[in-house]
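No experiment lies behind these values; they were computed from the predicted model shown. All ligand and atom numbering here is 1-based and tracks the order in the structure.
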Amino acid sequence: MTATSSSRAPRLLAISGSAREGSLNGKLLAVATAKAKALGAEVNTVDLRALALPVFDADLIAAQGMPAGARQLRDLMAAHDGLLLASPEYNALPTPLLLNALDWMSVVQVEGDLPGGTGATAGKPAGLMAASPGALGGVRALPIVRTFLSTNFAMVVMPEQVGVPAADQQFTTPDRLSSDALDQMLSKLVASVVRQARWRIQG
Ligand SMILES: Cc1cc2nc3c(=O)[nH]c(=O)nc-3n(C[C@H](O)[C@H](O)[C@H](O)COP(=O)(O)O)c2cc1C
């Protein structure tokens with residue numbers, strides 16, 4: 001099916017697994033966001049730190065109920081058609097910030113018309129990327145993120161992914177990577193996510 005002029009713009013949620021000032025993954029996500037917007041998508045970025053989620057603790061739910069940030073992430077996911085996700089690699093794993101947020105979202109229950117945390121994501125496309133100052137570009141953590149999103153959240157994770165090595169030298173302009181080859185890979189990944197999101201909207 002092709003896009004029609006009457007179909008609405010696909011909405012993508014952009015998440016970085018690092019919220020630190022000057023994050024390389026935040027910069028990579030910003031480049032991906034610019035590319036998605038150039039293709040007609042609406043993109044909203046969520047700051048995982050601003051969700052203020054405590055370390056996951058089932059006793060805390062029993063004592064105080066679900067933290068507002070967990071519902072907020074579910075609401076955001078429910079309101080978007082797909083995901084752009086930049087994940088740093090910490091000791092070959094995704095960051096605690098990202099895993100903790102996903103764990104919290106996974107236990108949010110259905111509430112009225114609102115889906116549970118995993119229902120909010122089901123069937124939606126996700127594009128994975130990573131940036132590292134190291135030589136491997138952070139790609140060792142991406143299979144774990146891929147499994148998490150596809151297995152637990154039933155997301156359609158794009159087969160292509162982008163790892164940006166020596167990332168401290170890649171962000172000299174806001175809308176492209178310095179390396180032509182990596183920039184093309186990123187463009188292709190973003191285009192796949194936007195295309196899948198469009199198909200999903202058109203049903
Ligand atoms: C606890 C810790 C573990 C790290 N482990 C890895 C690693 O396994 N592989 C890697 O490429 N970089 C590793 N790094 C370096 C990160 O890639 C680097 O700090 C990067 O800038 C983090 O992403 P950000 O810039 O988006 O915050 C690690 C950094 C920290 C703080």
For ligand 1, which atoms have a heavy atom of [X] less than 4.0 angstrom away?
X    : value
R20  : 21 (O), 24 (P), 25 (O), 27 (O)
S18  : 24 (P), 26 (O), 27 (O)
R140 : 7 (C), 8 (O), 9 (N)

(message) So for K27, does at least one of its heavy atoms come nearer than 4.0 angstrom to any atom of ligand 1?
(response) no

Closest non-hydrogen protein atom to [atom], residue and atom name please, with distance?
atom                    : value
atom 22 (C) of ligand 1 : P88 CB, 4.1 Å
atom 11 (O) of ligand 1 : S132 OG, 2.7 Å
atom 5 (N) of ligand 1  : N91 N, 2.8 Å

Calculate, to the nearest 0.5 Å, the distance between atoms [atom1] and [atom2] belonging to [X] and [Y] respectively.
X    : Y    : atom1 : atom2 : value
L60  : L53  : CG    : CG    : 10.5 Å
I61  : M66  : CD1   : CE    : 4.5 Å
Q184 : L189 : CD    : CG    : 13.5 Å

(message) Salt bridge check, R11 against D81: does any charged N sit closer than 4.0 Å to a carboxylate O?
(response)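 Looking at D81 and R11, the cut-off is not met.
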
(message) Please determine whether a side-chain nitrogen of the Lys or Arg among E42 and K37 lies less than 4.0 Å from a carboxylate oxygen of the Asp or Glu.
(response)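 No.
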
(request) Kindly give the heavy-atom pair with the smallest separation between P88 and A141, and that separation in Å. (result)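 In this case the closest contact between P88 and A141 is O-CB, 4.1 Å.
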
(request) Can you confirm whether something in the protein, heavy atoms only, sits under 4.0 Å from atom 19 (O) of ligand 1? (result)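 False for atom 19 (O) of ligand 1.
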
(request) Assess the side chains of S178 and T172: does a donor N or O sit below 3.5 Å from an acceptor N or O? (result) yes

(message) Can you confirm whether the side chains of E160 and S192 place a donor and an acceptor under 3.5 Å from each other?
(response)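 There is such a pair between these side chains.
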
(message) Geometry only, no angles: is S23 polar-contacting ligand 1 at N/O separations under 3.5 Å?
(response)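 Among all N and O atoms of S23, at least one is under 3.5 Å from an N or O of ligand 1.
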
(message) Using a 3.5 Å cut-off on N or O atoms only, is A92 in polar contact with ligand 1?
(response)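 By distance alone, the answer is yes.
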
(message) At under 4.0 Å between heavy atoms, is it the side chain or the backbone of E89 that contacts ligand 1, or both, or neither?
(response) both

(request) Pick, from L29, L24, N25, the option with the minimum heavy-atom distance to atom 23 (O) of ligand 1. (result)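 Minimum heavy-atom distance to atom 23 (O) of ligand 1 goes to N25.
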
